[in-house]
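Input: a single structure, listed below in structure tokens.
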Amino acid sequence: MDTETREPGGEFGFSPQEAPPLGRLRQWVRSRLADACPDLLCDVELVITELVSNAYDHAGGLLAVRLSRRPDGAVRVEVDDAAPAGVLRLGASTRGEARGRGLVMVDNLSRTWGVWRRGDRKVVWATVPAA
């Protein structure tokens, strides 16, 4: 479900009963960042895909994604999940040794990233610098 909010980039909502529609999510990102340079767009698509996949795989419920633009052209990505107590570990996965690289990529592509908790949810955010 795609809904607009007051945030400049809007919000993309998810149905808790289904896997995240990553193709539709990336299409939504491209529509919101249509004027962005291709390198920035690719970086944001990769960061948002990794954060959404992590939330789906490890947090027991993906709630929403938000995008916003910063005055310097950077893009902030926020992913809400339903596991406020969940801990993120850079380079480690509970799903096996072949996994655990998503946050490493987010760390490399983002200027900064972090986590904050708000009531019944955790928000994982990243700021992707303009190219």
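We're numbering straight along the sequence, starting at 1.
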Apply side chain to side chain contact (heavy atoms under 4.5 Å, CB included) to the pair Arg69 and Asp35, showing each step before the final yes or no. CA-CA 12 Å; Arg69 279 251 172 99; Asp35 62 337; 3.1 Å; yes

Please step through side chain to side chain contact (heavy atoms under 4.5 Å, CB included) for the pair Val75 and Leu40, ending with a clear verdict. CA-CA 8 Å; Val75 175; Leu40 175 61; 4.0 Å; yes

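Taking CD from Glu78 and CH2 from Trp113, the interatomic distance works out to 14.5 Å, rounded to the nearest 0.5 Å. Between the CZ atom of Arg111 and the CZ atom of Arg70 there is a distance of 9.5 Å, given to the nearest 0.5 Å. Here CE of Met105 is found 3.5 Å from CD of Glu50. Values are rounded to the nearest 0.5 Å. Note that SG of Cys42 is 11.5 Å distant from CG of Leu33, once rounded to the nearest 0.5 Å.
Neither Trp125 nor Leu109 shares a network with the other; the hydrophobic side chains, linked directly or stepwise wherever heavy atoms of I, L, V, M, F, W or Y lie under 4.5 Å apart, form separate groups for each. Both Leu46 and Val106 sit in one connected hydrophobic cluster of ILVMFWY residues. Membership requires side-chain heavy atoms under 4.5 Å apart, directly or through other members. In terms of hydrophobic clustering, with Ile, Leu, Val, Met, Phe, Trp and Tyr side chains grouped at heavy-atom distances under 4.5 Å, Ile48 and Trp116 are assigned to different clusters. Residues Val77 and Val123 do not share a hydrophobic cluster, defined by chaining ILVMFWY side chains whose heavy atoms lie under 4.5 Å apart.
Closest of all the heavy-atom pairs between Ala74 and Thr127 is CB-CG2, 3.8 Å. The two residues Ala55 and Val79 come nearest to each other via the heavy atoms CB-CG1, 4.0 Å.
Counting heavy atoms from C-beta on, the side chains of Asp80 and Arg118 come closer than 4.5 Å. Counting heavy atoms from C-beta on, the side chains of Leu67 and Phe12 never come closer than 4.5 Å. Side-chain contact between Pro20 and Val52: present, with at least one pair of heavy atoms (C-beta onward) separated by less than 4.5 Å.
Scanning for salt bridge (Lys or Arg N to Asp or Glu O under 4.0 Å) contacts around Glu45 gives Arg30, with sequence neighbours left out.
A donor atom on one side chain and an acceptor atom on the other are found under 3.5 Å apart for Arg26 and Thr49.
In terms of modelled atom types and a separation under 3.5 Å, the side chain of Ser110 and the main chain of Asp107 share no donor-acceptor contact.
For the side chain to side chain contact (heavy atoms under 4.5 Å, CB included) with Leu51, the lone residue among Leu103, Val65, Asp81 that qualifies is Leu103.
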